Each structure stands twice: as structure tokens, then as C-alpha cells.
Amino acid sequence: MAEGKITEYIDQKKIVLSVCLKDRGSKLQLLTLSNHEVSISPKRTLLLSSTTLDISRSREELLSELKEIEKRRTDYMTQVSVQAIWELTHEENETFTYKYLAQLVFGESVTDDHISALVRAVFFDRVYFKMKDDYFIPNSPDKVEQIRTAREVAELREREITEGATWLKELINNRNPQDPPLKEKIIETMVQLALYGKDAPDFKLGKDMFTRSGIKDIDRARHLLVKLGVWNEDENLDLHRFKTSIDFSESALREADDVAKKAMDPSDREDLTDLTAFTIDGPLTRDFDDALSLEPLEGGYRLGVHVTDLTPFIQIDGHLDREASTRASSIYLPATQIPMFPATLSNNALSLVKGLDRLAISLLADFDGEWNLKDYRFVPSMVRIQEQLTYDQVNALRSKEPVFSTLYKLTQALRQKRVAAGALVIPLPEIDFEFEGNSDVQIRLVEQDTPARTIVSECMILYNWLAAKFAADTELPILYRSQESPQERLFIDKSNYTYYVFQQRRKLQPLFIDTTFQPHSGLGVDVYTNATSPLRRYLDLVMQRQIHAALLEKSPPYTQSRLKDLTPVIQQTLRDIQVMKRNQIRYWLLKHLATRKDDRFTALVFQKLRNKYLIILTDFLFVAELPIVSGPELSPGEEIRVVMKKSDPWEDLLILELAD
């Protein structure tokens with residue numbers, strides 16, 4: 001019978017001291033130290049004393065004695081070193097009774113209080129022993145280390161949650177709390193929540209931290225990071241998601257300084273500094289990597305396309321080269337530009353700057369009076385830029401300066417020949433963002449089908465086509481770009497040109513990069529590569545190195561196998577950059593539209609889906625969604641008016657309604 005015996009049992013991971021008031025066989029009725037009566041199964045009993053209390057006494061007397069017993073056992077527990085007991089026993093590979101371990105601590109004569117103290121100490125420690133069937137079994141040293149490590153991790157996590165919750169609670173209440181010791185980890189966790197939401201590696205930690213601070217929505221992480229000054233209001237989250245480097249390493253910067261000081265070697269170069277060479281770019285461009293020249297010949301003209309030659313300066317597998325290959329391309333975003341090379345090179349030492357001698361790989365292409373290509377050659381050269389012009393300046397000069405009117409006629413003829421060969425020339429204006437003050441943004445569409453842009457684009461296509469042809473004819477390993485014919489060629493509808501272009505672009509096949517050449521249907525050429533922007537695109541630099549070696553009759557630095565290995569990684573980075581560009585254009589457009597609530601816009605119906613239409617906002621050439629509501633069905637290509645009801649760039653939200 002257990003009546004009157006001191007009974008200890010486990011409840012909610014705690015050892016509870018009690019005295020048995022009634023033994024009913026299948027149940028024990030207990031009075032606990034907290035003055036509660038409970039009923040438990042005898043199987044739940046952890047310890048049952050050998051002595052008994054007089055349960056006929058008053059409840060107050062029983063509780064008083066329980067308190068004395070609790071105090072003795074607690075005091076004895078402080079004398080127990082669980083680690084010392086483990087060190088004495090773990091090599092014996094045996095199980096041990098509670099009493100035996102208590103005797104190791106307190107000597108042969110042990111009481112119920114001693115045994116309870118030992119059991120409590122081992123139970124609360126949970127590192128060195130495991131409990132099984134009224135015995136303790138020592139854990140192995142590996143298991144002990146594993147438990148210690150897990151406990152340290154759990155303790156650190158609890159500290160992170162506690163410190164983070166306290167700090168965040170102060171922040172949301174607009175107080176100025178002191179920075180907690182674990183500030184960096186707390187901020188890192190909030191960054192993860194803001195970037196990845198429920199997919200964040202430390203989502204549970206962040207969620208627990210927010211919950212304990214009273215924040216219900218993890219989307220608040222971004223607001224808090226802005227409030228703390230960690231991010232700005234318009235932080236580009238994709239730069240963090242894709243781990244895009246903005247700054248260059250110290251080793252790359254040191255190498256860039258050395259390159260900038262390096263003297264040019266004009267040997268084995270054709271001196272073309274007497275040509276009237278000029279660049280045509282946007283007004284903010286500083287990284288000039290291509291230039292043009294045009295000189296009359298008997299019965300025709302010689303077109304020069306000159307591309308800055310980086311080969312003598314950027315060492316393969318050097319610090320600059322490795323960073324460039326990681327970046328894959330310069331990145332041009334609405335509010336940010338991230339160059340592939342440090343500005344000391346891309347905007348200065350390796351840029352085709354006006355009035356300075358520069359090394360180049362020049363294409364010299366001869367045309368007759370009917371604009372037929374008669375001959376061409378690539379040469380390592382030295383050039384000197386005479387004029388740095390913008391697209392707008394060339395458009396204005398076209399009718400006044402013979403060189404530009406002639407260039408335009410030549411490039412129009414080149415385009416017509418490509419179209420005759422199947423090229424799809426379907427330009428649309430590009431969206432341009434102008435920033436004023438504190439992130440205020442204005443938007444305009446910039447025409448791409450202008451004389452100046454036609455001149456530049458056709459000259460670059462010519463250079464890349466002939467570079468690919470040169471490589472194919474000489475069996476030089478390079479990376480070719482190809483594109484199969486579109487799924488369908490639509491009839492050109494000039495009356496609804498924008499709708500036609502959007503529809504036709506959906507029919508285009510993807511671009512391919514490979515070491516074997518195939519036709520490029522979209523451009524209407526039999527072979528194609530990219531080699532005109534070595535300052536801005538890494539694969540262009542790789543192609544330039546191959547061509548440079550061939551022109552000097554040297555072995556190419558890249559084998560076909562290495563080119564194949566190089567391509568997938570760079571292509572993935574380029575895809576990430578395209579995602580980033582699309583997201584940033586959408587972000588800034590939504591930010592602009594947020595200031596135009598209830599404004600009306602013209603749109604074209606693009607496609608009908610199950611519950612919505614896709615429409616094209618013609619002011620921005622931007623595809624948006626329009627819910628389907630009751631009323632007449634809208635037809636693809638139909639022009640409509642919509643009202644902007646809500647735009648939130650942080651939530652990536654745009655709500656439009658059909659105007660009355």
C-alpha cells in the first residue's frame with residue numbers, strides 16, 4: 001500500500017512532490033506541495049519513499065512537512081555533480097540503480113531524501129544519463145557532446161528570440177532601445193524573412209521572435225529594416241536574393257589600378273588614328289566600348305566598326321577576370337548601374353574616350369555604291385575617337401552631315417537585306433525612368449526605331465555576324481547564338497501595331513548559345529555571335545579573346561570544351577539579371593502609378609484568361625491584369641480605358657477597373 005508514502009511523479013517535465021492520501025489500486029490519490037489533490041496511475045510514480053507520513057494529521061501539517069522534505073531534497077541536490085558521477089561510471093557500460101548512484105555521492109547510508117536529490121539532479125541535467133525502467137544508463141561521450149551542442153544551440157536560439165522580441169517591441173512602440181548583443185543575428189533573420197518569407201532558412205526563429213514581440217505579420221520585417229536604416233525604402237531585394245556584388249574586391253581594385261597605369265603596346269596593330277571615329281550612345285553613357293567610322297572609296301565606302309580591345313589588359317583567370325565572369329554582365333536598372341569592371345577601367349582607361357589613343361579590334365567592311373558587301377577584314381588596331389555623340393545629336397545631324405546620312409542609307413540597306421532573309425524587325429519604344437528628388441519617378445517611352453539607333457544596331461549586328469562568319473570559316477572555337485524560326489509569322493497590322501508586336505513576340509523561339517553554329521532566324525543571318533560589348537558582357541570578352549588570338553595567328557585561349565563548360569553558369573546569371581530588370585521596371589512603374597490613383601489610362605486587350613484579362617497599358621507598354629466583370633466581353637486587340645484604383649510596389653499589387 002502506498003498510503004502515507006512520499007510520492008514523486010513527473011508532470012510537464014517537472015518532478016512533483018506529494019503524499020499519497022489513498023491507494024485505490026489502479027489510482028493513487030495524492031496531495032501535492034501546491035495544495036492540490038490529483039489522481040494518477042501508479043505507473044506514473046517516479047519515487048516512492050520507504051517511510052510514511054501520518055496522513056490523519058491536518059492538511060496544514062502535511063503541507064508543512066512536505067515543504068520541509070522539499071527543502072532537504074533541494075539542498076541535497078546542490079551537492080550532486082552529475083558530470084562527476086558520469087565520469088566514474090560511463091566506461092563500465094552498465095545500468096545503475098538510483099540508490100547506487102546516490103551512494104556514490106552521499107556514502108553507503110542514504111535516505112529517501114538523498115535518493116530523490118540524485119534522481120532530481122540527473123533528471124534535470126538530461127545530458128549525461130538516460131532513464132529507463134527505474135535505472136540510469138550513462139550516455140556515450142559522443143552522445144554527451146551531441147546533447148551539449150544541441151542544448152547550446154537551443155539556449156542561443158532562446159536568447160535570440162528573447163533579445164529580438166524585446167528589441168522589436170521597443171522599436172514598434174517608437175522607443176530608442178539599446179542595441180542588443182545579438183543585433184546582427186536578429187537583423188539577419190529579419191532580412192531572411194523580408195527576402196524569402198516562409199522559405200527563409202530561419203523562418204521559425206523569425207516567426208517566434210515576431211510572435212513574442214506582438215507582430216503578427218512577417219511582412220513587417222521589411223518595414224522594420226527600413227526603420228532601422230538597414231535598407232532604404234526602395235531597396236532592390238533581388239540584389240540580395242541573387243547575391244549580386246555591387247562593390248569590387250580589394251584584389252580586383254588593385255589589379256584595376258595596375259591596368260589603368262599599363263602602357264599600350266601598339267606593335268602588331270594597324271594605326272587607324274587618322275580615321276574620323278565617333279561613338280553614338282545615350283547621354284549618360286560613360287563606358288564606350290564601340291565606335292564607328294566611314295570613309296569614301298572609289299565606287300563605294302569603307303565602314304569601320306571599332307570595339308575596345310581588352311585582351312592585352314584583362315588577364316585570363318586574374319582577379320578582374322574572375323569577378324567579371326561571376327557578374328557576367330554590367331547591370332543597368334532604372335535606379336542603379338552595376339558595372340562588370342571597376343569604373344576606372346570601364347569609364348576611363350579601357351573606354352573609347354574622346355581624344356585618347358585606344359587599342360581596338362576593328363572591322364573594316366567595304367561596300368559598293370549599291371551597298372553590297374565586297375570585302376571585310378578584322379584587324380588589331382589603334383584608334384582615336386574624334387567625337388562622342390548622343391542618339392539625339394546624330395538624329396539632328398543626319399540631314400546636315402553627309403557621313404550620317406550616308407551611314408543611315410547603308411544601315412537601312414543592311415536591314416532590308418536581313419528582312420529579305422527572314423529577319424523580324426519589330427521594335428517598340430523602351431520605358432525610361434527619370435528620378436527627381438526623393439525617389440520621385442517620371443516615366444517616358446523612348447523610341448528605338450530612330451535613324452541613330454538604326455545606325456548603331458545595324459553596325460553591331462554586322463560586326464557580330466561577320467565575327468561569327470570569320471570564326472566559322474577558320475574553324476575558330478567560339479560561342480554562336482542562334483534562334484529557330486518563329487512558331488508563326490503574323491500578318492503585320494500597322495493599324496494596331498503594338499498589339500501585333502506583343503502577339504508576334506510570343507511566337508518567337510528561345511535563343512540558344514552553343515559551340516556549333518545554326519542560323520539566327522530573328523536577325524536573318526546564317527551565323528551569329530556577340531563580340532561588340534567586352535566592357536559590358538563577359539561572353540563578348542571571351543569571343544574577343546578568341547578573335548584576337550586568331551588575328552595574331554596564336555592558339556585560342558579557350559578550347560571548345562572549356563567554352564561549353566563556361567556557358568551554363570554565365571547563362572544562369574544572365575537569366576537572373578533579366579528577372580531583376582523585369583522586377584525593377586515593375587517596381588518603379590507601380591511606384592509611379594501609386595501617385596496616380598483614379599487616373600484613367602488607355603489599354604489594349606491582350607489575352608482573355610479564366611477570371612481576368614491581360615491588358616497592355618499603352619502609356620508604358622506594360623502588361624497588367626484586369627478582372628472579368630459582368631458586361632460585354634472584351635476582344636483581343638480592343639482598345640479600352642481603365643482606372644487605376646490601387647498600386648503598391650512593396651506588395652507587387654496593381655488593381656485596375658474598367659472605366660465607365
Side-chain angles (χ1 to χ4, degrees), residues 150-246 333-336 438-439 575-577 579-595 597 611-612 624-625 627 645-655:
R151 179 171 290 184
E152 289 170 1
V153 170
E155 289 172 353
L156 176 59
R157 185 178 183 280
E158 179 58 29
R159 272 189 61 207
E160 291 167 347
I161 293 172
T162 302
E163 287 186 16
T166 303
W167 190 45
L168 295 178
K169 192 179 294 184
E170 294 288 303
L171 284 172
I172 61 179
N173 290 324
N174 294 317
R175 301 191 182 100
N176 294 311
Q178 288 187 340
D179 290 346
L182 295 174
K183 177 183 176 181
E184 287 188 9
K185 176 60 179 178
I186 297 166
I187 288 177
E188 177 192 336
T189 303
M190 287 198 290
V191 167
Q192 288 184 17
L193 291 180
L195 293 177
Y196 307 112
K198 292 182 179 179
D199 294 327
D202 286 329
F203 170 73
K204 191 172 188 313
L205 170 64
K207 177 71 172 172
D208 290 346
M209 190 188 302
F210 274 36
T211 300
R212 201 176 294 184
S213 67
I215 303 173
K216 297 180 180 179
D217 188 354
I218 62 171
D219 289 342
R220 290 284 298 166
R222 185 173 183 178
H223 295 267
L224 290 167
L225 290 167
V226 172
K227 186 171 185 176
L228 286 166
V230 177
W231 285 352
N232 62 56
E233 180 185 345
D234 301 306
E235 191 80 14
N236 183 348
L237 304 193
D238 283 334
L239 289 176
H240 301 283
R241 291 189 183 108
F242 294 131
K243 297 178 173 57
T244 303
S245 296
I246 296 177
L333 304 173
T336 313
N438 186 23
S439 298
R575 283 192 288 269
D576 292 344
I577 291 171
V579 170
M580 190 186 306
K581 286 181 178 179
R582 287 196 299 269
N583 290 346
Q584 277 290 284
I585 288 172
R586 181 177 177 86
Y587 176 90
W588 287 106
L589 179 56
L590 294 183
K591 180 147 188 169
H592 170 75
L593 289 174
T595 67
K597 188 176 185 301
N611 299 312
K612 60 192 174 186
E625 296 177 357
K645 303 305 293 183
K646 184 176 181 181
S647 180
D648 187 333
W650 278 27
E651 299 295 329
D652 192 29
L653 177 69
L654 178 61
I655 298 177

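What you see is a predicted model; the values in this text were computed from it and never measured.
Under the salt bridge (Lys or Arg N to Asp or Glu O under 4.0 Å) criterion, Lys169 pairs with no residue at all, not counting sequence neighbours. Remark: Arg159 engages Glu163 in a salt bridge (Lys or Arg N to Asp or Glu O under 4.0 Å) (not counting sequence neighbours). Under the side chain to side chain contact (heavy atoms under 4.5 Å, CB included) criterion, Asp238 pairs with Asn236, Arg241, Phe242, Met580, Asn583, sequence neighbours left out. With sequence neighbours left out, the side-chain hydrogen bond (donor to acceptor under 3.5 Å, both in side chains) criterion links His592 to Arg596. By the side chain to side chain contact (heavy atoms under 4.5 Å, CB included) test, Asn176 is found to be paired with no residue, residues two or more places apart in sequence or in another chain being considered. For Lys204, the salt bridge (Lys or Arg N to Asp or Glu O under 4.0 Å) test picks out Asp208, with sequence neighbours left out. Residues forming a side-chain hydrogen bond (donor to acceptor under 3.5 Å, both in side chains) with Lys645 (at least two apart in sequence, or on another chain): Asp598. Here Pro334 pairs with Phe433, Phe435, Gln584, Ile585, Trp588 under the side chain to side chain contact (heavy atoms under 4.5 Å, CB included) rule; sequence neighbours left out. Residues passing the side-chain hydrogen bond (donor to acceptor under 3.5 Å, both in side chains) test with Lys612, sequence neighbours excluded: Glu625. With sequence neighbours excluded, no residue satisfies salt bridge (Lys or Arg N to Asp or Glu O under 4.0 Å) with Asp648. For the side chain to side chain contact (heavy atoms under 4.5 Å, CB included) test, residues two or more places apart in sequence or in another chain that qualify with Lys207 are Phe203, Thr211, Ile218.
Remark: the backbone N or O of Gly206 is not paired with any side-chain donor or acceptor of Thr189 at under 3.5 angstrom.
Taking OG from Ser647 and CD1 from Ile655, the interatomic distance works out to 9.5 Å, rounded to the nearest 0.5 Å. Atom CH2 in Trp167 sits 11.0 Å away from atom CG in Leu182 (nearest 0.5 Å). For the atom pair Ile246 CD1 and Leu239 CG, the distance stands at 5.0 Å (nearest 0.5 Å). Rounded to the nearest 0.5 angstrom, Lys591 NZ and Trp650 CH2 are separated by 9.0 Å. Annotation: the span from Asp202 atom CG to Lys185 atom NZ amounts to 4.0 Å, rounded to 0.5 Å. One distance of note links CG of Asn173 with CG of Leu168; it measures 11.0 Å at 0.5 Å rounding.
A salt bridge (Lys or Arg N to Asp or Glu O under 4.0 Å) check over residues 209-228, counting only residues at least two apart or in different chains, returns the pairs Glu158-Arg212.
Pro180 has its side chain out of reach of Thr166: every pair of non-hydrogen atoms, C-beta onward, lies at least 4.5 Å apart. At a threshold of 4.5 Å between non-hydrogen side-chain atoms, the residues Leu333 and Tyr587 do not count as touching. Side-chain contact between Ile187 and Leu225 is present, with heavy atoms from C-beta onward closer than 4.5 Å. At a threshold of 4.5 Å between non-hydrogen side-chain atoms, the residues Arg575 and Val579 do not count as touching.
When all heavy atoms are compared, the tightest approach of Ala194 to Ala221 is N-CB, 4.0 Å. The minimum heavy-atom distance linking Gln192 with Ala200 is given by the pair O-CB, 3.5 Å. Nearest heavy-atom pair, Leu654 versus Ala624, reported as atom, atom and distance to 0.1 Å: CD2-CB, 3.9 Å. Shown here for Asn232 and Val226, the closest heavy-atom pair between the two residues is O-CG2, 3.6 Å.
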Checklist entry - Going through the checks in order, is the side-chain contact (heavy atoms from CB on, under 4.5 Å) test met by Met209 and Ile186? => result CA-CA 9 Å; Met209 190 188 302; Ile186 297 166; 3.7 Å; yes
Item to check | Full working for side-chain contact (heavy atoms from CB on, under 4.5 Å) between Leu590 and Leu653 | outcome: CA-CA 8 Å; Leu590 294 183; Leu653 177 69; over 6 Å; no
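Using a 4.0 Å cut-off between charged nitrogen and carboxylate oxygen, Glu651 and Lys646 do not count as a salt-bridge pair.
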